[in-house]
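What's counted below: heavy atoms across the whole structure, side chains too, no hydrogens, waters or symmetry copies. Letters A, B, ... are given to chains in the order of the sequence lines, protein chains preceding strands, and every chain is numbered from 1.
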Protein chains: 2
Amino acid sequence: MPVSPPRPKGPPLNALRAFEAAARLGGIALAADELCVTPGAISQHIKTLEQWAGVKLFERRAHGVELTKAGRELAPDFTAAFDQMGLALHALRRARPQPAITIAALPCVAQLWLPRHLTAFRLAVPAVRLSVVALETPPHLKRELFDCSLFIRDPEETATGIVLARDEIFPVCAPAIAARLKNPADLSGEVLLHDAVWSGDWPLWAEAAGLASQGFSEGPRYSLYGLALEEAKSGAGVLMGHAGLVDAALARGELVRPFAESVATGKALVLDMPSRPAPSSQAARFCEFLVQNGAG
Amino acid sequence: MPVSPPRPKGPPLNALRAFEAAARLGGIALAADELCVTPGAISQHIKTLEQWAGVKLFERRAHGVELTKAGRELAPDFTAAFDQMGLALHALRRARPQPAITIAALPCVAQLWLPRHLTAFRLAVPAVRLSVVALETPPHLKRELFDCSLFIRDPEETATGIVLARDEIFPVCAPAIAARLKNPADLSGEVLLHDAVWSGDWPLWAEAAGLASQGFSEGPRYSLYGLALEEAKSGAGVLMGHAGLVDAALARGELVRPFAESVATGKALVLDMPSRPAPSSQAARFCEFLVQNGAG
DNA sequence: GCGTGACCTTAGTTTTTCTAACCCAGATTT
DNA sequence: AAATCTGGGTTAGAAAAACTAAGGTCACGC
């Protein structure tokens with residue numbers, strides 16, 4: 001009858017969060033990414049939790065971790081608990097004196113697509129406070145405190161996402177370069193500008209345009225699409241343009257389309273929001289505004 | 001359009017727990033007690049949370065804190081979330097390789113009432129692992145990871161508690177002292193032994209026995225009932241006995257009841273368990289065992 | 001067979017959290 | 001009206017936790 005430790009210590013909440021993320025996403029690296037820490041931190045959290053609970057939660061394999069039976073059975077409970085917590089947190093954020101709308105967006109969307117719409121919305125609703133966070137990967141809206149997200153992605157992968165515009169691509173370049181491009185085959189002599197994450201754009205288009213995709217992966221890569229766009233404007237080469245991201249530059253004449261060929265990538269500009277958007281909130285109004293006006 | 005901080009930091013979970021406890025219990029000191037930290041820590045947590053959320057949650061008054069409107073509206077959401085988390089944690093604990101039954105009990109119950117029953121249960125279920133934690137105040141079974149609790153308390157104050165035995169009190173003392181006690185009035189010349197937390201016992205009994213409660217608060221106080229019991233056995237004075245706690249000593253003849261008068265205190269030995277006890281678990285079996293055999 | 005990808009481990013640093021000791025204001029007593 | 005008591009706030013420093021960075025391991029694919 002060990003009248004043991006004075007009082008069993010409370011559970012390590014951060015470790016639970018780490019476990020939940022790792023279990024849901026199926027990997028330590030992915031969880032680390034979601035929680036914005038290094039994989040080592042997640043690994044340690046999980047070890048702490050396993051020790052605290054006295055249960056092995058993950059099977060460590062060389063090529064990734066796998067949930068044990070216990071882990072597989074327990075994970076949904078924790079997911080449910082953190083979902084509930086997320087609801088409470090959203091409520092908390094909404095209670096602020098002057099609630100701001102926080103938008104998560106792909107950097108290029110934030111830079112090239114959003115500004116117009118933010119300006120228009122501010123005209124319609126003057127007192128609103130908006131802030132934008134640029135992220136490479138879409139956040140979990142139930143967990144992270146964003147009011148909505150705007151990403152170019154496969155529309156299938158979200159349950160609640162709304163397609164604002166299908167993604168289409170076509171080459172764009174400065175007028176001076178366009179002057180010497182009569183047809184797609186002329187591209188062989190030109191510098192092709194690439195976005196680091198959309199490296200498949202040029203081969204995809206080339207194939208659709210009836211060219212061998214051979215050689216379409218060569219050329220400078222930019223980690224930000226906005227950067228590549230600036231380079232294109234200043235005549236550094238030909239960029240694969242995404243409709244929604246280049247139309248402002250096209251309208252201003254800074255860039256032109258040398259060819260008519262346009263290819264759908266299968267992705268789309270997707271607006272997503274937490275499954276239970278605060279009704280009648282400014283965030284809901286903003287999303288509605290985008291749906292009405294965002295296609296343009 | 002501030003493309004501000006890289007990624008808004010996740011919510012401080014420990015601060016949320018502190019807030020939830022303080023809101024539910026209605027005070028910082030109480031929350032500190034539940035979470036086993038100093039009030040200063042809770043206070044800081046709440047400040048951190050208020051800062052993170054940008055919302056005042058508590059109104060600081062000189063004589064205790066009070067929830068603000070926002071706090072009052074938000075608290076139930078967090079309570080729900082932590083309840084859910086508690087369920088998940090219980091499931092986690094149950095998943096251990098050899099699950100142990102952890103019992104929370106009042107120190108005197110752990111010392112004077114439980115041992116017999118633990119022994120009996122071990123006979124019935126040999127392989128079981130039991131551990132006992134002595135606590136002054138009943139734990140929140142939804143939060144703290146006990147499988148059941150055994151406290152002498154008002155049965156009304158629990159929703160799920162099961163009364164094992166009504167609490168009755170009567171004087172007990174060593175046989176040598178009993179020899180000179182013919183009727184209650186003889187107590188006036190005796191040393192009365194008191195338990196620190198049950199200081200009302202003697203006056204209550206005295207009144208029921210038709211004596212003026214005058215003078216029944218005098219005498220040595222012991223912070224542990226078990227200590228007072230030992231003193232009574234060795235002839236230090238007359239103790240107010242609680243039926244369930246002294247019957248073993250009575251059976252062994254170490255103590256005797258000089259008078260027949262017995263008074264119900266309105267409290268009872270209450271067995272409580274988490275609202276959703278694991279069906280078919282060892283913990284459930286133990287509780288059932290106590291209900292069957294615990295009255296004796 | 002060698003590179004690669006995904007993860008683990010460890011040591012050391014940074015950050016958070018906690019405590020201890022003190023101060024305050026309003027109630028409650030004296 | 002003064003003293004006390006109660007429930008909290010504040011602060012510096014100590015303790016504990018979390019995080020990062022760097023190096024290591026194992027399996028897979030080319």
Side-chain angles (χ1 to χ4, degrees), chain A residues 5-53 56-68 71 75 82 136-137 143 196-197 199 217, chain B residues 5-53 56-68 71 75 137 196-197 199:
Chain A
R7 198 148 182 153
K9 244 298 230 358
L13 294 179
N14 294 319
L16 292 179
R17 173 162 56 183
F19 164 65
E20 191 275 335
R24 174 164 42 81
L25 301 172
I28 289 196
L30 294 169
D33 198 44
E34 174 166 306
L35 299 178
C36 289
V37 294
T38 54
I42 301 291
S43 178
Q44 273 183 313
H45 269 150
I46 290 175
K47 203 162 41 166
T48 302
L49 181 60
E50 288 180 328
Q51 194 155 350
W52 180 84
K56 266 258 168 303
L57 267 1
F58 278 107
E59 213 70 71
R60 272 76 170 177
R61 297 280 164 69
H63 224 254
V65 289
E66 191 175 353
L67 284 166
T68 59
F82 278 104
E136 290 297 335
T137 56
R143 299 297 160 78
V197 299
S199 54
S217 297
Chain B
R7 197 149 185 154
K9 200 88 148 298
L13 293 178
N14 293 319
L16 292 179
R17 173 163 55 183
F19 164 66
E20 192 275 334
R24 173 165 40 82
L25 301 171
I28 290 195
L30 294 168
D33 198 42
E34 173 164 307
L35 299 178
C36 291
V37 294
T38 55
I42 301 290
S43 178
Q44 276 180 313
H45 269 148
I46 291 175
K47 203 162 41 168
T48 303
L49 181 60
E50 288 181 329
Q51 195 154 351
W52 180 85
K56 264 259 168 304
L57 266 2
F58 277 108
E59 213 69 73
R60 273 76 169 176
R61 298 281 164 68
H63 215 73
V65 290
E66 191 175 352
L67 284 166
T68 60
T137 56
V197 299
S199 55

### Query
Backbone N or O of B/Gln44 within a donor-acceptor pair of the B/Thr48 side chain at under 3.5 Å?
yes
### Message
Taking only side-chain N and O atoms of B/Thr38, does any of them lie within less than 4.0 angstrom of OP1 or OP2 on C/dC18?
### Response
no
### Query
Closer than 4.0 Å, any side-chain N/O of A/Arg60 to the OP1 or OP2 of C/dC8?
yes
Nearest to the side chain of [X], heavy atoms from C-beta on, is which of [options]?
| X | options | answer |
| --- | --- | --- |
| A/Asn14 | C/dT9, D/dC19, D/dA18 | D/dA18 |
| B/Gln44 | D/dT11, D/dG8, C/dC8 | D/dT11 |
| B/Lys47 | C/dC8, D/dT10, D/dG8 | D/dT10 |
| A/Ala62 | D/dG8, C/dC8, D/dC26 | D/dC26 |

[X] [atom1] to [N] [atom2], straight-line distance once rounded to whole Å:
| X | N | atom1 | atom2 | value |
| --- | --- | --- | --- | --- |
| A/Leu13 | C/dT17 | CG | P | 11 Å |
| A/His63 | C/dC8 | NE2 | P | 13 Å |
| A/Asp33 | D/dT20 | CG | C1' | 16 Å |
| B/Arg17 | D/dA17 | CZ | P | 12 Å |
| A/Glu66 | C/dA6 | CD | C1' | 14 Å |
| A/His45 | D/dA18 | NE2 | P | 4 Å |
| A/Phe58 | C/dA6 | CZ | P | 16 Å |
| B/Glu59 | D/dG8 | CD | C1' | 14 Å |

### Message
Students often get this wrong, so: under 4.0 angstrom with heavy atoms, is A/Ala29 touching a base, only sugar-phosphate, or nothing?
### Response
sugar-phosphate
### Message
Does B/Arg61 reach a base, just sugar-phosphate, or nothing at all? Heavy atoms under 4.0 Å.
### Response
nothing
